There are 2 protein chains.
Amino acid sequence: MQVPIKEVVSIFKRNIERDKLRNTPSRITILKAAYSHKGHFNAETIYNTVKGDAQSVSLATVYNTLELLQKYGLVRTHKFSNQHTEYEATLGYAQHDHMICLDCEKVVEFCDPRIQMIRETMGELLEFEVEKHALNLYGHCRKASCEKAL
Amino acid sequence: MQVPIKEVVSIFKRNIERDKLRNTPSRITILKAAYSHKGHFNAETIYNTVKGDAQSVSLATVYNTLELLQKYGLVRTHKFSNQHTEYEATLGYAQHDHMICLDCEKVVEFCDPRIQMIRETMGELLEFEVEKHALNLYGHCRKASCEKAL
DNA sequence: TTGTGTGCAAAAGCTTTGCATGTTG
DNA sequence: CAACATGCAAAGCTTTTGCACACAA
């Protein structure tokens, strides 16, 4: 269920036109770089991906643009246990949550329909309009490949 | 269902002895300060609470000790959307999750038994021993007191 | 006494900001 | 051409680290 990058760009352009912001090469470059990563990435990753290319960008612009993309719902942000903010593309990817191994820090994605029910129940009960959520399960994976951090 | 602080201290001491670590005044002070806060707090909060007291501590020690308390299951840590790590006491407090208002940043606690089922299902499916989880719902509260951040 | 814990200040890491310069519409 | 966006470097914040001194066991 991949969405063509052209369509993503076109959605982005529609958003910035509506907001009377500017369609700059840097922004498009960062958007494309964000969608070229399969899983999670951070600002530094994008910066390094693009650095050296014809259209390279500054780290500050990466941060600014990722925030813009988040406002438009084109990327999600996560705070796992490490220091920096992790991002991921949303369009064409199913809503999902994360299981994180406390030993090897592997991150596995999963879906469970019951989370949607919890959102609805709690939204009603607490009188919130729930917009998004983050569910992280932390544990120990039983894979042989799991290398204990210590 | 408050647990007397004496009991908390005694549990802490038992852990320290088992690990052959040292029972220092600073550690006890920080433990007590952590349990004197009702909700969430951060390292700076603890530091300020204790600063000026007979037994004051350094910020570095606060961080070290909070990490130790987390290992012993005496505090939980959270990363909401703001910069710093938030902590909360666990003993005597029911396991719960958080609803966060994107406008006024209010945090409301809730419980939903279905989260336990998700933990079990996903632990089995993905072959993880789930140890803990964090579920944050983000949305807009409909209270009059809600002041839009902007 | 011995090694662990503490405090202080400096360093580190991620993110934001200020300002002069470039570019878009 | 006016306003917005960018790049660079510096500042900001939270958290970690190094080292000399203090102190629990």
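Quick caveat, the model's predicted, so the values are computed rather than measured.
- With contacts defined as side-chain heavy-atom distances shorter than 4.5 Å, the pair A:Phe128/B:Leu137 does not qualify.
- Using a cut-off of 4.0 Å between Lys/Arg side-chain N and Asp/Glu carboxylate O, B:Arg142 and A:Glu127 are scored as not salt-bridged.
- Interface residues of residues 5-16 of chain B facing DNA chain D, ordered by number: none; criterion, heavy-atom separation under 4.0 Å.
- From one end of the helix from C:dT1-D:dA25 to C:dG25-D:dC1 to the other, with five pairs defining each end axis, the axis direction shifts by 30° (rounded to 10°).
- Using a 4.5 Å heavy-atom threshold, the side chains of B:His40 and B:Phe80 count as touching.
- Taking for each of B:Lys79 and A:Pro25 the nucleotide of DNA chain D with the nearest heavy atom, the 5'-most of the two is the partner of A:Pro25.
- Comparing B:Arg22 and A:Gln83 along DNA chain D, the residue whose closest nucleotide (by nearest heavy atom) sits nearer the 5' end is A:Gln83.
- Counted by atom type alone, A:Thr45 and A:Asn42 present one or more donor-acceptor pairs between their side chains at under 3.5 Å.
- Applying the side-chain hydrogen bond (donor to acceptor under 3.5 Å, both in side chains) test to pairs two or more places apart or on separate chains, those with a residue in residues 20-32 of chain A are A:Ser26-A:Gln55.
- Taken to the nearest 0.5 Å, the OG1 atom of B:Thr77 stands 10.0 Å off from the CG atom of B:Leu66.
- Of all heavy-atom pairs between B:Phe110 and A:Ile118, the closest is CE1-CG2, 4.3 Å.
- Side-chain contact check for A:Phe12 versus A:Ile28: some heavy-atom pair is nearer than 4.5 Å.
- For B:Glu17, there are no side chain to side chain contact (heavy atoms under 4.5 Å, CB included) partners, not counting sequence neighbours.
- Between A:Leu135 and B:Ile115 the shortest side-chain heavy-atom distance falls below 4.5 Å.
- The footprint of chain A on DNA chain C, defined by a heavy-atom cutoff below 4.0 Å, extends from C:dC14 to C:dG25.
- Aromatic ring pairs are classed by plane angle as parallel below 30°, tilted from 30° to 60° and perpendicular above 60°; the pair A:His98 and A:His78 is perpendicular.
- Rounded to whole Å, the distance from NZ on A:Lys20 to C1' on D:dA3 is 14 Å.
- Counted by atom type alone, B:His140 and A:Glu131 present one or more donor-acceptor pairs between their side chains at under 3.5 Å.
- Two residues are said to be in side-chain contact when any heavy atoms from C-beta on lie closer than 4.5 Å; A:Thr85 and A:Lys79 meet this criterion.
- Under 4.0 angstrom from either OP1 or OP2 of D:dA5 there lies no side-chain N or O belonging to A:Ser26.
- Using a 4.0 Å cutoff on non-hydrogen atoms, the parts of residues 41-66 of chain A near DNA chain D are A:Ser56, A:Val57, A:Ser58, A:Ala60, A:Thr61, ordered by number.
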